Amino acid sequence: ATGIKDFGADFIVNLSVWRDLASLRNFVYRSQHAQIMRRRKEWFTRIPEAYTVLWWVPEGQLPDTAEARQRLELLVRQGPGVEAFTFSRPFPPPGSGMTGPVT
């Protein structure tokens, strides 16, 4: 992650694909990862704008950092939507029959 410079020299990029939002949420908020991330102020400078973006990826497709940058910029410009969203304002996967944010 420290060798990826697509977002600039001062950023660490973490790009992962998960089966569903519940699995990712469990990892981020209910695993040892959460304990470590509570200490992030010791290692990272606070970023005032969005730095995490979520989006649905078709099965078998792997996103790259160029797509991640595009989705993050979309989130910053337009706020959460079906193409780029956050944990606090998630959107359902395509083909689910739902169109608005998940509550």
Side-chain angles (χ1 to χ4, degrees):
T2 58
I4 300 170
K5 303 299 182 198
D6 296 0
F7 287 77
D10 294 334
F11 290 87
I12 294 175
V13 177
N14 182 343
L15 187 60
S16 61
V17 177
W18 291 78
R19 181 176 313 278
D20 54 49
L21 192 56
S23 298
L24 175 58
R25 188 182 307 273
N26 284 335
F27 172 75
V28 170
Y29 295 112
R30 295 184 183 97
S31 73
Q32 290 182 345
H33 176 267
Q35 295 170 15
I36 293 167
M37 291 311 293
R38 283 188 197 106
R39 297 180 56 195
R40 69 183 171 268
K41 291 178 185 176
E42 296 175 34
W43 307 300
F44 301 109
T45 303
R46 182 158 173 27
I47 300 173
E49 60 190 24
Y51 57 88
T52 299
V53 61
L54 307 174
W55 70 94
W56 295 104
V57 177
E59 188 171 342
Q61 180 179 322
L62 292 177
D64 58 22
T65 55
E67 182 178 7
R69 181 182 202 96
Q70 182 180 38
R71 301 286 181 151
L72 184 59
E73 289 170 354
L74 180 64
L75 178 65
V76 168
R77 272 194 329 270
Q78 298 181 359
V82 296
E83 299 295 322
F85 52 89
T86 63
F87 275 118
S88 61
R89 189 136 183 247
F91 279 73
S96 68
M98 298 172 55
T99 57
V102 177
T103 56

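Counting begins at 1 with the first residue of the sequence. All values reported here derive from a predicted model rather than from experimental measurement.
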**Enclosure of Gln61 CD (heavy-atom neighbours >12, cutoff 6.0 Å)** =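 Yes.
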**Item:** CZ/Arg19: more than 12 non-hydrogen atoms of other groups inside 6.0 Å
**Value:**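 At most 12 heavy atoms, drawn from other residues, nucleotides or ligands, come within 6.0 Å of this atom.
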**Asked** Side chains of Ile36 and Trp43: does their closest heavy-atom pair fall under 4.5 Å?
**Response**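 Side chain of Ile36 against side chain of Trp43, heavy atoms only: contact under 4.5 Å found.
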**Prompt:** With a 4.5 Å limit on heavy-atom distance, are the side chains of Phe85 and Val102 in contact?
**Reply:**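 No, side chains not in contact.
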Cluster overlap [X] with [Y], hydrophobic side-chain contacts below 4.5 Å:
| X | Y | value |
| --- | --- | --- |
| Phe87 | Leu75 | no |
| Leu21 | Trp55 | no |
| Leu24 | Val53 | no |
| Val28 | Leu15 | no |
| Leu72 | Leu54 | no |

**Distance-minimising heavy-atom pair for Pro93 and Ser96** =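 That would be O-OG, 2.9 Å.
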**Message:** If I compare all heavy atoms of Ala84 with all of Leu74, which pair ends up nearest, and what's the gap?
**Reply:**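 The answer is CB-CD2, 4.1 Å.
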**Asked** With sequence neighbours left out, what residues match Arg69 under salt bridge (Lys or Arg N to Asp or Glu O under 4.0 Å)?
**Response**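 Arg69 satisfies salt bridge (Lys or Arg N to Asp or Glu O under 4.0 Å) with Glu73 once adjacent residues are dropped.
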For [Y], is there any backbone N or O sitting under 3.5 Å from a side-chain donor or acceptor partner on [X]?
| X | Y | answer |
| --- | --- | --- |
| Arg40 | Met37 | yes |
| Arg71 | Glu83 | yes |
| Thr65 | Ala68 | no |

**Message:** To the closest 0.5 Å, what do you measure between CG (Asp20) and CH2 (Trp56)?
**Reply:**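 Between atom CG of Asp20 and atom CH2 of Trp56 there are 6.5 Å.
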